[in-house]
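Worksheet: one structure, shown below.
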Amino acid sequence: MALSGVLAGCSTAPDRVRPRSPGAEFASGKASWYGPGFDGRRTASGERFDMSALTAAHRTLPFGTRVRVRNTRNGREVIVRINDRGPYIRDRIIDLSKAAAAALDLLQAGEAPVVLIEP
């Protein structure tokens with residue numbers, strides 16, 4: 001009897017996991033990147049961080065989620081897979097791998113305004 005109550009509570013997906021329509025923008029803010037000091041270390045998902053892979057850290061999106069990130073300064077886009085948690089700096093919404101940051105041309109600046117888009 002108690003088990004059925006627990007299972008029933010698991011059937012509702014939280015708002016942040018609800019499917020969105022392709023092409024829908026769902027967040028905007030600053031992106032930053034991380035790489036050399038973390039390369040080879042375990043991410044929050046348990047896999048090893050590879051700064052040359054197109055991956056990113058996000059506070060709440062489920063691991064494995066793919067997100068299109070657009071640099072609003074230059075219009076460049078990249079699709080990344082969420083495999084870590086962060087960023088831990090309040091005004092940032094996503095931390096990108098070095099490869100993803102390079103694709104968006106934000107390596108030198110270190111951060112840029114972005115929108116997150118359902119791929």
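Because the structure is predicted, anything quoted here is derived from the model rather than measured.
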### Test side chain to side chain contact (heavy atoms under 4.5 Å, CB included) applied to Val69 and Ile117, step by step
CA-CA 6 Å; Val69 183; Ile117 305 163; over 6 Å; no
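Evaluation of the salt bridge (charged side-chain N to carboxylate O under 4.0 Å, His left out) test over residues 53-66, restricted to residues two or more places apart or in two chains, returns none. Among residues at least two apart or in separate chains, side-chain hydrogen bond (donor to acceptor under 3.5 Å, both in side chains) pairs with a member in residues 93-108 are Ser32-Asp95.
Put simply, NE2 on His58 and CG on Leu96 are 11.0 Å apart, with the number rounded to the nearest 0.5 Å. To the nearest 0.5 Å, atoms CG (Leu54) and CD1 (Ile79) are separated by 9.5 Å. Here OG1 of Thr43 is found 9.5 Å from CZ of Arg85. Values are rounded to the nearest 0.5 Å. In this structure, Leu104 CG and Asn74 CG are separated by 7.0 Å, a value rounded to the nearest 0.5 Å.
With sequence neighbours left out, Lys30 forms a salt bridge (Lys or Arg N to Asp or Glu O under 4.0 Å) with Asp91, Glu111. Partners of Glu77 by side-chain hydrogen bond (donor to acceptor under 3.5 Å, both in side chains), not counting sequence neighbours, listed by chain and number: Arg68, Arg70. Looking at residues two or more places apart in sequence or on another chain, you find a salt bridge (Lys or Arg N to Asp or Glu O under 4.0 Å) between Glu47 and Arg81.
Here the side chain of Ser45 pairs a donor or acceptor atom with the backbone of Asn83 at under 3.5 angstrom. Side chain of Arg48 to backbone of Gly40: a donor-acceptor contact under 3.5 angstrom is found.
Grouping Ile, Leu, Val, Met, Phe, Trp and Tyr residues whose side-chain heavy atoms lie under 4.5 Å apart, directly or via other members, places Met51 in a hydrophobic cluster with Tyr34, Phe38, Phe49.
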